[in-house]
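Below is one structure, written out as structure tokens; comments come after it.
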Amino acid sequence: MNMRCFHLPGFRAKLVPADKPLPQPTGSEVVLKVLAAGVCHSDVHIWEGGYDLGNDQTMSFEGRVKFPLTMGHESSGQVVAVGPDSKDVKVGDKCLICSWIGCRECAFCKQGDEHLCTAPRFLGVNREGGYADHIVVPHDRYLIDLKGVDPVAAAPLACSGLTTYSALKKAGPRLADDPVLVIGAGGLGMMAINLVRVMGGKGAVVVELDPLKRKAALDAGAIAAIDPKAPDVDKQIRHELGAPVYFVLDLVGSGETAALGFRLLDKGGKLVVVGLFGGAMSLSVPMVTMRAASIVGSYIGSPGELRELVQLVQTKGMPVIPLDKRRLEDANEALADLRAGKVMGRVVLVP
Ligand SMILES: [Zn+2]
Ligand SMILES: [Zn+2]
């Protein structure tokens, strides 16, 4: 029996279909039929071949990505075969796949932060991912049972869900009392608006350039959706938050958005930068001191946090984000649309 994947032959190239024999799992490996694979902005960055670091600097993925690569790190699947040493899953189980696989030996991995591993083996980044009809996962510890949850809707939890969950946790207990400011209403932003509520938070005020995305944010339950180009943007944000600005989630991560977030922080405030759009910012150093401000980066989240998140949605309900379901064969168009900013919510490829 064969499996089909859509792999990337090189930077800025079209994904191409490839058929290969379906692997037989050995050791602790598990083979799953892919039920859904989310298309994430990081895939666009892999396709482009790097990040804009600002100040005319770029970070190239040249030499870091091995081609051909099957991307897709936001997948759910159904177990079709288990290796002899796999104990905790059985054929037929529907699972969320944690792609954040580390070396298990570095200091980060030892404390459970495999997503920060210094020698990562991430599915869809460093090894074959979910833009395929089947996927091999090296150990069942990276599979989370999805009992009671729609596996197609759940796929985005593995990256956009986990990333926003881990970032929102950094707000601490004030999440329950004060609204947070969310910059960007793309896939991550829509997830954040929903997750704030699922996590028992007060709600989110959203800043977004695109009027269609502002409307989607309001439909998803945002307290307000504000145009950053408005001349009185700071005043509008403060008015809608109705409280000191203590927590800003920058899901865009451009020089402009980070500067906006930092400028607005009140005493003790925290700017959490999640997006990777690119650019640089300058800031008033004494203001960092006087406001006792924090600027924190948040990168994905740990396998343990992903388990917490699945448990949370199993008890409190699934975040409702607009899902744009497309065929695996349409992966190229999906990437192009995401790159052009034309996607509402999340595209999931359904083989
Ligand atoms: Zn991602
Ligand atoms: Zn490691």
Side-chain angles (χ1 to χ4, degrees), residues 8 15 34 36-51 59 61 64-65 69-76 96-132 135 138-139 141-142 144 153-168 184 186-192 195 249-253 272-278 297-306 309-310 319 321 323-324 331 334-335 337-339 341 343 345-349:
L8 183 65
L15 304 180
V34 175
V39 180
C40 177
H41 227 108
S42 311
D43 297 333
V44 173
H45 288 299
I46 294 173
W47 183 88
E48 288 176 338
Y51 294 124
M59 186 184 120
F61 296 156
R64 295 173 196 239
V65 175
L69 170 70
T70 303
M71 297 195 293
H73 54 262
E74 214 181 59
S75 321
S76 61
L96 186 64
I97 299 166
C98 177
S99 295
W100 317 116
I101 299 172
C103 68
R104 314 251 329 144
E105 279 165 17
C106 73
F108 291 116
C109 284
K110 282 188 178 149
Q111 65 187 22
D113 291 329
E114 287 187 54
H115 62 301
L116 300 178
C117 179
T118 50
R121 291 136 202 222
F122 297 165
L123 301 176
V125 182
N126 311 106
R127 50 184 292 169
E128 304 301 277
Y131 290 9
I135 186 169
H139 196 286
R141 72 169 78 90
Y142 303 106
I144 305 169
L157 294 177
C159 180
S160 60
L162 175 60
T163 300
T164 42
Y165 175 70
S166 181
L168 283 167
L188 286 177
M190 297 303 288
M191 187 63 92
L195 268 185
L249 202 54
D250 180 5
L251 301 175
V252 178
V272 177
V273 184
V274 175
L276 287 160
F277 183 88
S298 193
Y299 184 66
I300 329 173
S302 69
E305 285 176 322
L306 187 54
L309 174 60
V310 171
I321 63 161
L323 274 190
D324 181 348
L335 273 178
D337 286 352
L338 187 59
R339 189 159 181 258
V343 170
R346 203 61 157 177
V347 172
V348 287
L349 301 174

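First listed ligand is number 1; within each ligand, the first listed atom is number 1. When a residue number appears, it is its place in the shown sequence, counting from 1.
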Any protein N, O or S atom under 2.8 Å from the Zn ion (ligand 2)? Found C103 SG, C106 SG, C109 SG, C117 SG
I'd like to check L168 versus L249 (side-chain heavy atoms, cut-off strictly below 4.5 Å). Are they in contact?
yes
Any chance the rings of F277 and Y51 have centres within less than 6.0 Å?
no
Could you confirm whether H41 has any N/O/S atom lying under 2.8 Å from the Zn ion (ligand 1)?
no
According to the salt bridge (charged side-chain N to carboxylate O under 4.0 Å, His left out) rule, which pairs have a member within residues 113-126, sequence neighbours left out?
R104-E114
Could you grab the distance from atom CZ of R346 to atom CG of L338, nearest 0.5 Å is fine?
7.0 Å
Looking at CG of L69 and CG of L15, how far apart are the two atoms once the value is rounded to the nearest 0.5 Å?
9.5 Å
Hey, does L157 have a side-chain heavy atom less than 4.5 Å from the side chain of M191?
yes
